[in-house]
Amino acid sequence: MAETAVTPPQEVTEQQPEVEQQQDASESALVPTDEAQKKTKKIIRRKRRPARPQVDPATIKSEPPPQTGQIFNIWYNKWSGGDRENSYLSKTAAPSRCNISRDSGYTRADKVPGSYFCLFFARGVCPRGSECEYLHRLPTLHDLFNPNVDCFGRDKFSDYRDDMGGVGSFTRQNRTLYVGRIHVTDNIEEVVSRNFAEWGQIDRIRVLTSRGVAFVTYTNEANAQFAKEAMAHQSLDHNEILNVRWATVDPNPLAQKREARRLEEQAAEAVRRALPAEFVAELEGRDPEAKKRKKIEGSYGLQGYEPPDEVWFSRTKELEDAGGAAQLEAPEQPLMIESASASTAIAPQEYENSGIFSSSSVAALKGLAGGSVTTQQAPKAAGPLVAYGSDDDSE
C-alpha cells in the first residue's frame, strides 16, 4: 500500500522536467524565427531604390531645335515670332515619356531640403539617374514652394502668355489643365482619367466629347505643373499629339463659388492648425464645459458681462504661460461714480497750490529772496472757449 502510494508522485515529478524542457525548446525555436522575420521586414521597408537613367547619355546630341518661327531666342533656345496655328500643326511627338513606377527613386536632391523636381525627369529624358541634383518622384502635399516659382524652380510671371503656355502666373493658383487635340472615341473620359491620374490625385475632370477637349483639375498645384510637362506632346491611346496648356478662369458661377469655398476651407484649416486644440474645440462647439467656464471665469466679477473671444483667449493663454496658478480676477479700476464724502473732502492745500508754481518751489524761492516773492493765482476762465486761433502766420 505504501509503495503504490509513493510511485505516482515520483512519475509525475520525473515527467514534469521533460515537459518543461520541451516547452523551453519550442519557445527557443520560435524566438529566432520571429526576430528574423521582423528584421527582414524592417530591411525591406528601409531599402530604397536609386533612380535609374531614363535615356543613355551616349545618345544625347546637342542639336538646335527645328525652325518654327522667325526669330531665334538664344536665352530660351527656341524660335519665336511664328504663326500660332502653324506652330501647333508643326509640333512633333515627344521622344520619351516618364514612367513613375519604373523611373522614380532617390537622388542627391533627397539629402537637400527644399530641392526642386527634375524637369527632364518629368519629360522622360533625364540621363543622370541617381546622380541628378533634382528630385525624381511625384510631388506631394508636403512639398511646399515659393508662390513665385513652380515645382521645377522656374520663375513665374505676373500674367499668362497669350497661348496660356509656359510656366504660368504667380497672381493665381491654377490647378486646371486644358488638354486639346484628343482623339474622339466613345470612352474618351476613361482614357483621359487613366492617363492623367498617373501624375497625382485628380479633383475633377470635364470632357467636351464633340470637340476633343478636356479640363483636368488636380488637388495639388504642384501635380498640375508636373503633369503639364509630362503630358506635353504626348499621345493617349492613339497617335494624336496633345496640346496641354493652362486653363483660363471658369466663368461658370458654380465653379467660382466652389473655388471660393475651397479657399475658405484652406484658410480655416490653417487657422485650426495655428490655434491650440482646446480653443478649436471650444470655437466649434465640441467642448460644452468650455462655454460654462467662460461664463463663470470670464465675467471678471461683473454680472451679465461676457468677454469677446479675443480677450478671453489672450487672457487664458497668458495664464497658461505663467503656469496656470493664477486665477482670472477682476482688475482694480477706479469707480466712475464716487461717493459724496470723497468728492467734498478736498484738502485746503489744493487751493493754496492753484498757482503756477508748486508749494515746495514757492517756499524755496521765499527762502532765497528773503520772503519777498509773491505768487499770483491762475486767472479763471470768463466763459466757454468760443474760438481758438492766432493771427500770426508762423504758428
When rounded to the nearest 0.5 Å, the distance separating CZ of Arg108 from CZ of Arg128 is 6.5 Å

To the nearest 0.5 Å, atom CZ of Phe117 lies from atom SG of Cys151 at 6.5 Å

Are more than 12 heavy atoms from other residues, nucleotides or ligands located less than 6.0 Å from atom [atom1] of [X]?
X      : atom1 : answer
Arg211 : CZ    : no
Gln201 : CD    : no
Tyr134 : OH    : no

Between [X] and [Y], is there a shared hydrophobic cluster once you connect ILVMFWY residues whose side-chain heavy atoms come closer than 4.5 Å?
X      : Y      : result
Ile205 : Leu242 : yes
Trp246 : Val149 : yes
Val167 : Tyr178 : no

Check: [X]/[Y] side-chain N/O donor and acceptor closer than 3.5 Å:
X      : Y      : result
Asn174 : Tyr160 : yes
Thr140 : Asp143 : yes
Gln54  : Asp103 : yes

All heavy atoms of Ala255 vs all of Asp250, minimum pair found to be CB-OD2, 3.3 Å

In terms of heavy-atom contacts, Thr217 and Ile202 come closest through O-CG2, 3.4 Å

Q.
Regarding Glu189 and Arg194, does a basic nitrogen lie under 4.0 Å from an acidic carboxylate oxygen?
A. no

Side chain to side chain, Val191 and His238, heavy atoms closer than 4.5 Å: no

task = May I ask you to check whether Tyr116 and Phe145 place their ring centres under 6.0 Å from each other?
result = yes

